[in-house]
Amino acid sequence: MNALPHSTATAVREICIAQYGDRSTLTARQVELPPPGAGEVRVRHSAIGVNFVDVYHRTGLYALPRLPAVLGVEAAGVIEAVGAGVDTLRPGQRVVYAGPPAGAYSSARNLPAARAIALPDDIDADAAASLLLRGITAHMLLHYVRPLKAGDTLLVHAAAGGLGLVLVQWAKRLGARVIGTVGSAGKAALATQHGLDHAVLHREQDFVAAVQALTDGRGVDYAIDGIGGATLARTMATVRPYGMVASVGQVAGDPGPLDLSLLGPARSIALSRPGVFRFMSEPALYREGALATLQQLRAGLRANIGAVLPLVQAAEAHRRLESGESGGAILLRP
């Protein structure tokens, strides 16, 4: 299918940064979006996912290819036009996507057609936009990094957050026992409603001691740590011999150089630092993870959307995300 004859430039609103920094660097602008190029589609967004990687991009912790740049790596919408050589997608079709190249904080964008995943009629666009990146991450962590088996015990930090709630539900479907750390009684209740077996209020309890008590001193089989900072070293103390810790973020900062004695030989645990963008750079794995997420949605995976804000309030979305104020996912509405 070739580009539509009426496919012309169109005005779009987007949120960009001209330099790395705090939330004040997020700026709204109006630009002309050209027609989609060869192998591209133009997607008119209906819902944009907000993820912690957007904060890392904004601060420069994860550098973007160039500045100025539009943030955002996840959204759902409708195809408005297709470029030359695109024959698997059509105008009017609902799609969802996740991962680089960044640019989702916009009312519409041109996107490589290979990144667009057709959205079945029975799946809500908001749910897909809030879950796709986290679902692919869960698929990577629970099926590739350390395949989770029925009967395993998993520790998830920030169990009431966007990724945490997905991991809890996915792990329970695999038959695991799940322990989660949370910051409040309200978040404990939220995570429990999504299947969490044991909530540990980390502001009131020593989570290492709590996990050891819950496992009769054995430790968990697998721990997923998106907190980083000093928490990562302490997370290692919750894992049984020959278990694994996956470090997937650093909300609390860079953990710095790690002493290998924390891993073994006396303790004999493994540490992984998996990157979902690397996983998604393999087209087959990206599609596999995306389709697995859509299947989980069909099977009852619940999208807990904590807030929906206008696109122009992207800075407020980042504030809520960085403060840990919002339970569940945050969406931006163009």
Side-chain angles (χ1 to χ4, degrees), residues 9-34 36 40-81 94-112 115-117 119 125-134 136-137 161-163 249 276-277 280 303 305-323 325-326 328-334:
T10 185
V12 301
R13 171 163 291 205
E14 57 189 24
I15 304 296
C16 70
I17 58 170
Q19 61 185 28
Y20 297 121
D22 61 22
R23 293 185 294 273
S24 68
T25 61
L26 295 167
T27 305
R29 68 182 183 184
Q30 192 99 353
V31 299
E32 289 291 312
L33 182 66
E40 292 184 333
V41 294
R42 178 194 291 163
V43 180
R44 176 67 57 178
H45 292 146
S46 61
I48 300 161
V50 179
N51 296 279
F52 223 94
V53 71
D54 303 345
V55 174
Y56 295 154
H57 283 159
R58 190 201 75 217
T59 62
L61 180 64
Y62 296 168
L64 291 162
R66 66 189 64 83
L67 295 176
V70 179
L71 298 186
V73 294
E74 178 179 44
V78 176
I79 293 179
E80 285 192 329
R94 296 193 315 147
V95 294
V96 65
Y97 67 86
Y105 285 15
S106 58
S107 54
R109 71 177 294 191
N110 293 330
L111 181 78
R115 307 307 295 178
I117 304 294
L119 196 55
D126 282 7
S130 72
L131 283 178
L132 187 64
L133 182 61
R134 294 174 175 102
I136 296 172
T137 303
L163 176 60
V276 70
F277 283 3
M280 290 167 31
I305 299 171
V308 180
L309 301 172
L311 176 60
V312 294
Q313 291 186 21
E316 170 62 13
H318 279 219
R319 186 196 68 78
R320 295 188 189 189
L321 195 64
E322 291 175 278
S323 69
E325 177 181 314
S326 179
I330 301 174
L331 291 180
L332 295 174
R333 189 79 73 204

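Values below: every heavy atom of this structure, side chains too, minus hydrogens, waters and symmetry copies.
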What residue among D126, L131, I330 forms side chain to side chain contact (heavy atoms under 4.5 Å, CB included) with I305?
D126
Would you call I17 and H57 a side-chain contact if the rule is heavy atoms closer than 4.5 Å?
no
Ring centers of H45, Y105 separated by less than 6.0 Å
no
What is the distance from atom CZ of R333 to atom CD of Q313, rounded to the nearest 0.5 Å?
13.0 Å
How close do V41 and A116 get, heavy atom to heavy atom, and via which atoms?
CG2-CB, 4.5 Å
Give a yes or no on whether the backbone of R42 and the side-chain of R109 come within a donor-acceptor separation of less than 3.5 Å.
no
Please name the pair of heavy atoms, one in A129 and one in V96, separated by the smallest distance, quoted to 0.1 Å.
N-CG2, 4.2 Å
Nearest 0.5 Å, please: how far is CG in L71 from CG in L26?
6.0 Å
State, with a plain yes or no, whether a side-chain heavy atom of R134 is found less than 4.5 Å away from one of N51.
yes
Rounded to the nearest 0.5 Å, how far does CD of E32 lie from OG1 of T10?
7.0 Å
Please name all residues satisfying side-chain hydrogen bond (donor to acceptor under 3.5 Å, both in side chains) with R58, sequence neighbours left out, ordered by chain then number.
H318, E322
Nearest heavy-atom approach of F277 to G99 is CE1-CA, 4.0 Å
For L64 and A69, work out which heavy atoms get closest and say how close.
CD1-CB, 3.7 Å
Going by heavy atoms in the side chains, are R320 and V50 under 4.5 Å from each other?
no
Looking only at non-hydrogen atoms, find the nearest pair between L331 and A47 and report the distance.
CD1-CB, 4.3 Å
Roughly how far, to the nearest 0.5 Å, is the CD1 atom of I117 from the CD1 atom of I136?
7.0 Å
Does N110 reach the side chain of P36, with side-chain heavy atoms less than 4.5 Å apart?
yes
What I'd like to find out is whether the side chain of V95 reaches to under 4.5 Å of the side chain of L119, using heavy atoms alone.
no
In Å and rounded to the nearest 0.5 Å, what is the CD1 to CG distance from I48 to L309?
11.5 Å
Is there a donor-acceptor pair closer than 3.5 Å between any side-chain N or O of Q30 and the backbone N or O of A11?
no
Do V73 and D54 pass the side chain to side chain contact (heavy atoms under 4.5 Å, CB included) test, and can you show the C-alpha distance, the side-chain angles, and the key distance before you say yes or no?
CA-CA 7 Å; V73 294; D54 303 345; 3.9 Å; yes
Side chain proximity check, R29 to V70, heavy atoms < 4.5 angstrom:
yes
Would you please name every residue forming a side-chain contact (heavy atoms from CB on, under 4.5 Å) with S107, sequence neighbours left out?
V12, R13, R44, P334
Is there a side-chain contact between L163 and F52, using heavy atoms and a 4.5 Å cut-off?
no
In short, A98 meets M280 closest at the heavy-atom pair O-CE, 3.3 Å
